[in-house]
Amino acid sequence: MLVPIQFQVNGQSYGESVWPGTSLLSLLRRLGWVGVHRACESGDCGACTVLLDGDPIHSCLYPAVRLQGQAITTIEGLAKEGEWDPMQARFLQGQGFQCGFCTPGMILSARKLCEEGIPSEAELRERLRGNLCRCTGYQAILESIQGIPAEIPEWVLEDEPGSGQGPQSVGRNLPKQDGPEIVSGQAAYTGDFTPPGLLHLRLLRSPHAHARIQAIHTAAAAALPGVVAIFTHQEVPRRIYSTAGHSEPVPDPLDRFVLDEKVRFVGDGVAAVVAESVAIAEQACQLIQVEYEILPHVLDPLEAMKTGSPTIHDEPEARQIYNASRNLAGYVCLQTGDPEQGFAEADLILENTYHLPAVQHAHLEPHVSTSWLEEDGSLVVRSSTQVPFHCQRVLSEIFGIPRDRIRVIKGKIGGGFGNKQEILTEPLCALATLKTGRPVQWELTRQEEFTATNSRHAMQIRVKTGVKADGTLTAQEITAYGNAGAYGNHSQTVVFLAGYVPLGLYRCPHKRFEGFAVYTNSMPGGAFRGYGATQGTFAMESQMDEIAHKLGLDPIQLRLKNVIQPGDPLSLGYREQPDADLKDSHFNLIGSYGLKDCFEKIQTAFATPLPAPEGSRRFGRGIAISMQGSGLSKIHIAGMKLSLQPTGRILMRSGAVDVGTGSDTTLRQIAAQVLGIPLDQIDLIAADTGQTPFDAGSYASATLFISGQASRRAAQALRDKLIHAAAQRLQTDPSEVAFTWGRFSAPQGSLSLQELAQATAEPIEVELHHAADESSLTFAVAGVEVAVDLETGQIELLKSVQAIDLGRAINPRICHGQVTGGTAMGIGYALSEALIRDEQGQILNPGFRYYRIPTAKDVPPMEVHLIQQADPYGPFGAKGVGEITTNCTAPAIANAVFQATGLRFRQLPLTPERVWQGIQSSASHSA
Ligand code: FES
């Protein structure tokens, strides 16, 4: 029964009637206060924090019926009369955000914490544990709250070709342009956009790991008032595709239907309900009866490859599967030299197997899409996607609609980390709109994020190394088994990088890699920051540390002795099948090289003696190195269009996707630098297939390196055009025209950009596409100090230092944030994160309460060194920085734990239980 309530929100009075089960979060969002963010609905993340009579509460847990007579303040109510609240001002000043999805809750919680003065950093970390952030690593948040933003050095651009005369934009900590909308709660994320007549979609998912659907009974669900449509596999086009959005032609297996008559993991889609409300759609899902023929399932990749295991993909339409009968989605084999000869030359051979878990991206904003039809019948999908153009392509292929009749708009994104490089919610949303003619929105729940999207691939990696007594490597061999899960999206390419990157990191004449991407009946693996290099780097860097220990060598010296140098050949021979001809794979090269400087920073940071044991606490330090390409050479394409507007301002149209990292700002910094105008003279339309040129999307550390180069080239071409046009107006030769600070000067006179725009009949604009011939390698070194409690197995991270060889930082503060965020993600990978599954394939920890991403208390203060040596291939010398720090953090921690305990852990995460058991079993062996 509806309950009438009277209450206030941000000083406005409301009288509403609500159902008893309605949460305050849902009510506030329905009333338009969408600065209150829906992320977990279990009170675990703090994104929905509001103030109730001045005290912070989780609005997702608070029943709306209890609001009677109460006053609520949301983020939108903080600023008064155009003045920022002091905490909003601090977040703006310290740029304590990236995607901003956590920011309203953070600001409201922090404001209360600081009511009686700013607590110590330790206290702040403790008391902010109820507010999760997946992007920043908390460093910039804590600095913002304390009002002491880090002083991050800027750099001065020397005169160089292509840098316009005017204000320096690159190399400066210019603020992200979306800061004011983030701290005010005005940022419009995809789910905040609700067109009139909106329907909602919910998906009935499989409770079985492997089953064939015999029948689906939908009559009872269809009869529920408010249900508009139900779709099963019989109502969807039977067109096979891959959810992976990364290149065309598609390198992945084509093994997925929008809905299929077979389900392949617990959580696979069965039937979609479209209804007038989310609640009705959920209720209808429960009324659908499904008859299944249960099939044998397999969860372990090594089992799945064996003869006699259930075949997961037996559909005749599937294509590009390496070997469906062996459940091999993909297979990679690479070799250089003769590993057997290399092992024969070694003084020491070490062979170990490492076990890496499936972990989840845990971006705070769930996947969400909204679709509708324009008056001309064309389809529009507004989506929280990293790959709008690939999404357009996939929808076109599924529904047989020309691409130019489909428009995909990237809304503001609350984080992605690779999981939104998959086309997941868009196809069913589009189908529902095409069938009903009405706008449809589908937002995943947190449980769906954890059980039915993608994970980092779980991997078992065997590493075998041959080495001389002086530390010279003679042979390296990696065999990786990646758990692709039920579908092969990204699996072969992820497994490829698990070998290619760590083997490429070291000089060694004899190398071999064999990688298997294996189907199992579990949630698919997919793209995730680091993309296979994360798993492979853990295995390699753990073993390099072990070799140093066994040979009595310094771990840094061992690496310096063997690590690749400029001029070294990088590629392994590449063959897809063992009996195929070898061919080179020139993916990457070394442009700039600051790795030695990185080592020096780490050595300096840890120059003091290691603390002596304290009671049951033992201390240890560890290092690890990693490398990552900057985008994909010759594959990743970025378009850029720059136009002079009648106002004299420049309009940038870029297909690149800012996932919260700040690329909308850095791309404009590059163009502003070339044009010699202030950054705020450039407007931006981004990531909209209807308005911007093609861009492959945001992934593979490509945006700055490739879209940034597109920005630089387009700005240079526009600058030339502008000067020619100005020369015509000034009746002089272009060589006589100087263009600085947006003004053209020649001996004959001068004119402004606006005067030029208004005097020119034809638009002055440039559009181009850029693909890099080379992908420069970024390097990083991580050093950590830990304390391990031998009585509890608890690991405390005391210090984290990262040194990144990133070429040039276009915006050092933004790069800093990428490093701290990536490091925190690596800390979670090392210490706490793992998806736990039962024997039936069900994930047992699908929420933030039991799947623990790092809180502010779990990450130490981070020391970040941006090593700046201009790269010859990147725009203004920049290289990619988005992924690399995730890769070296976990092995550095494991290596530090070894120094503290003498125990080598080869399985992540290093939970207190696992460490304690290791300590116990070591004690019983030595007793
Ligand atoms: Fe905190 Fe993205 S900025 S979740």
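Residue indices begin at 1 and follow the sequence shown. Only heavy atoms go into these numbers, but all of them, side chains included; no hydrogens, no water, no symmetry mates. Order of listing sets the numbers, starting from 1, for every ligand and every atom in it. These figures come from a predicted structure and were not determined experimentally.
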**Student:** Who's the nearest protein heavy-atom neighbour of atom 4 (S) of ligand 1, and how far?
**Tutor:** Arg134 N, 3.5 Å
**Student:** For a salt bridge (charged side-chain N to carboxylate O under 4.0 Å, His left out) with Lys857, tell me which candidate from Glu796, Glu121, Glu126 qualifies.
**Tutor:** Glu126
**Student:** Measure the OG1-CZ distance between Thr534 and Phe528 for me, rounded to the nearest 0.5 Å.
**Tutor:** 8.0 Å
**Student:** Does the residue Gly100 have a heavy-atom contact with ligand 1, meaning some pair of atoms that are separated by less than 4.0 Å?
**Tutor:** yes
**Student:** Within ligand 1, which atoms have a heavy atom of Cys133 less than 4.0 Å away?
**Tutor:** 1 (Fe), 3 (S), 4 (S)
**Student:** Should you measure from each heavy atom of Cys135, which atoms of ligand 1 turn up under 4.0 Å away?
**Tutor:** 2 (Fe), 3 (S), 4 (S)
**Student:** Scan Lys412, Arg446, Lys420 and name whichever one has a salt bridge (charged side-chain N to carboxylate O under 4.0 Å, His left out) with Glu365.
**Tutor:** Lys420
**Student:** Near atom 1 (Fe) of ligand 1, is there an N/O/S atom from Cys102 that is less than 2.8 Å away?
**Tutor:** yes
**Student:** For the residue pair Lys879 / Ser630, report whether a side-chain donor-acceptor contact shorter than 3.5 Å exists.
**Tutor:** no
**Student:** Please tell me whether Glu449 and His367 have a donor and an acceptor in their side chains that are separated by less than 3.5 angstrom.
**Tutor:** yes
